[in-house]
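Provided herewith is a single structure, encoded as structure tokens, for subsequent inquiry.
Just so it is clear, the values below take in all heavy atoms, side chains as well, and ignore hydrogens, waters and symmetry mates. Positions are given from 1, in the same order as the sequence printed here.
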Amino acid sequence: MKKRIFIIFGILILLAIGFFASKKINLNPNYDVGQKIDSLNGVVVYFNGGVGNVDGRELTKDGYNLGLKYQCVEFVKRYYFEELNHKMPDSYGHAKDFFDPNVKDGKTNKQRNLTQYTNPSKSKPKANDLIIYSGTTLNKYGHVSIVSKVDGKEVEIIQQNPGPFGDSREKYELIYEDGNWRINNDRILGWLRK
């Protein structure tokens, strides 16, 4: 019985090590870490390999923190800095921390100096809005992307670091009911707008 427990425990440890290693290494042979894979308004999306891979911190010439290279946060902050000339007062934090649950729909999120909308909201998402996702069991940091297009009943987003086999663009159903707009994805907490 002890031998069986020891074997099961060993297998669980190996599985855990394999899981955490797979988040750091590139499992997709079609791309190299740091390779350009997409862009929005001239701001490039880079491939990151495993979702937990980190290749240093990205700073602007004046020292503003954009985030950890090739992570989702780094792309959206770089986009807002380069395309919208926006610096966030709080330049740190995980993706899910971009959404402040204490800020009411349509009010200012002071940490980001952006207007925050909840999912659902009275305000329809627009191009250039940041979309904030909750954390999960496998990704406690959450995720953040940018609305690239709103078309009829769909929202298209662009993202960096969706995983080694994830797409840089995704579409979600946009639903209008009872005077509110809802992006049909249970992980989406809301959106931020300049």
Check Gln35 against Asn30 and note the closest heavy-atom contact, atom names and distance.
-> OE1-O, 4.2 Å
Partner residues of Glu156 under the salt bridge (Lys or Arg N to Asp or Glu O under 4.0 Å) criterion, sequence neighbours left out = Arg169
Joint hydrophobic cluster, Ile37 plus Val73, side-chain heavy atoms closer than 4.5 Å = yes
Only pairs at least two apart or in different chains count here, so list each salt bridge (Lys or Arg N to Asp or Glu O under 4.0 Å) that has a residue in residues 82-103.
-> Asp62-Lys87
Step-by-step side chain to side chain contact (heavy atoms under 4.5 Å, CB included) determination, Ile183 to Trp191 = CA-CA 10 Å; Ile183 300 174; Trp191 46 93; 3.7 Å; yes
Trp181 side chain near Ser123 side chain, heavy-atom distance below 4.5 Å | no
Backbone N/O of Ile188 and side chain of Asn119: donor-acceptor pair under 3.5 Å | yes
Rounded to the nearest 0.5 Å, how far apart are CG of Asn109 and CG of Leu114?
-> 7.0 Å
Measure the shortest side-chain to side-chain distance between Val54 and Tyr70 over non-hydrogen atoms and say whether it is less than 4.5 angstrom.
-> no
Between Val144 and Ala95, which heavy-atom pair has the shortest distance, and what is it?
-> N-CB, 3.7 Å
Test Gln116 against Ile132 for side chain to side chain contact (heavy atoms under 4.5 Å, CB included), laying out the working first.
-> CA-CA 10 Å; Gln116 178 173 295; Ile132 298 89; over 6 Å; no
Side chains of Leu66 and Phe81: closer than 4.5 Å at any heavy-atom pair?
-> yes
How long is the gap from OH on Tyr172 to OG on Ser145, to the nearest 0.5 Å?
-> 6.0 Å
Can you check whether Ser121's main-chain N or O pairs, donor with acceptor, with Thr118's side chain at less than 3.5 Å?
-> no
Considering only heavy atoms from C-beta outward, does the side chain of Cys72 approach that of Tyr141 to under 4.5 Å?
-> no
So which heavy atom on Lys69 is nearest to which on Asp55, and how close?
-> CD-O, 3.0 Å
For side chain to side chain contact (heavy atoms under 4.5 Å, CB included), just list the numbers for Phe75 and Val44, CA-CA rounded to whole Å, side-chain angles, deciding distance to a tenth of an Å, and then say yes or no.
-> CA-CA 8 Å; Phe75 168 65; Val44 174; over 6 Å; no
Note: Asp38 and Ser168 closest approach over all heavy atoms is OD2-OG, 2.7 Å
Judged by atom type as modelled, is there a donor-acceptor pair below 3.5 Å linking the side chain of Thr60 to the main-chain atoms of Tyr64?
-> yes
Pairwise side-chain contact, Tyr117 with Lys126, heavy-atom cut-off 4.5 Å (strictly under) = no
Quick one: list whatever passes side-chain hydrogen bond (donor to acceptor under 3.5 Å, both in side chains) with Ser91, sequence neighbours left out.
-> none
By side chain to side chain contact (heavy atoms under 4.5 Å, CB included), Lys104 pairs with (sequence neighbours left out) Lys107
State, yes or no, whether a side-chain contact exists between Lys153 and Tyr176 at a heavy-atom distance under 4.5 Å.
-> no
Could you give all pairs that pass the salt bridge (Lys or Arg N to Asp or Glu O under 4.0 Å) test and reach residues 179-194, with sequence neighbours left out?
-> Asp129-Arg193, Glu177-Arg182
Is there side-chain contact between Leu84 and Asn128, with at least one heavy-atom pair below 4.5 Å?
-> yes
Do you see a donor-acceptor pair shorter than 3.5 Å between the side chains of Asn185 and Tyr133?
-> no
Correct closest heavy-atom pair for Asn180 and Pro120 would be CB-CB, 3.9 Å
Test log, rule side chain to side chain contact (heavy atoms under 4.5 Å, CB included), inputs Met88 and Asn113 | CA-CA 6 Å; Met88 297 180 183; Asn113 193 25; over 6 Å; no
Would you indicate whether the side-chain heavy atoms of Leu40 and Ile146 approach each other to under 4.5 Å?
-> yes
Pairwise distance CG(Asp32) to CZ(Phe47) - rounded to 0.5 angstrom | 8.5 Å
Which donor-acceptor pairs under 3.5 Å do the side chains of residues 158-165 make with protein atoms, sequence neighbours left out?
residue : atom : partner : partner atom : Å
Gln159  : OE1  : His143  : NE2          : 2.7
Gln159  : NE2  : Asp167  : O            : 2.8
Gln159  : NE2  : Glu170  : OE2          : 2.9
Gln160  : OE1  : Tyr46   : N            : 2.8
Gln160  : OE1  : Arg78   : NH2          : 3.3
Gln160  : NE2  : Gln71   : O            : 2.8
Gln160  : NE2  : Glu74   : OE1          : 2.8
Asn161  : OD1  : Asn48   : ND2          : 3.1
Asn161  : ND2  : Val51   : O            : 3.0
Asn161  : ND2  : Gln71   : OE1          : 3.0

How many angstroms lie between atom CZ of Arg112 and atom CG of Leu192, to the nearest 0.5 angstrom?
-> 8.5 Å
Taking all atoms of both residues into account, what is the closest heavy-atom pair of Thr115 and Gly106, and its distance?
-> CG2-O, 3.5 Å
Can you hop from Val45 to Val155 via hydrophobic side chains spaced under 4.5 Å?
-> no
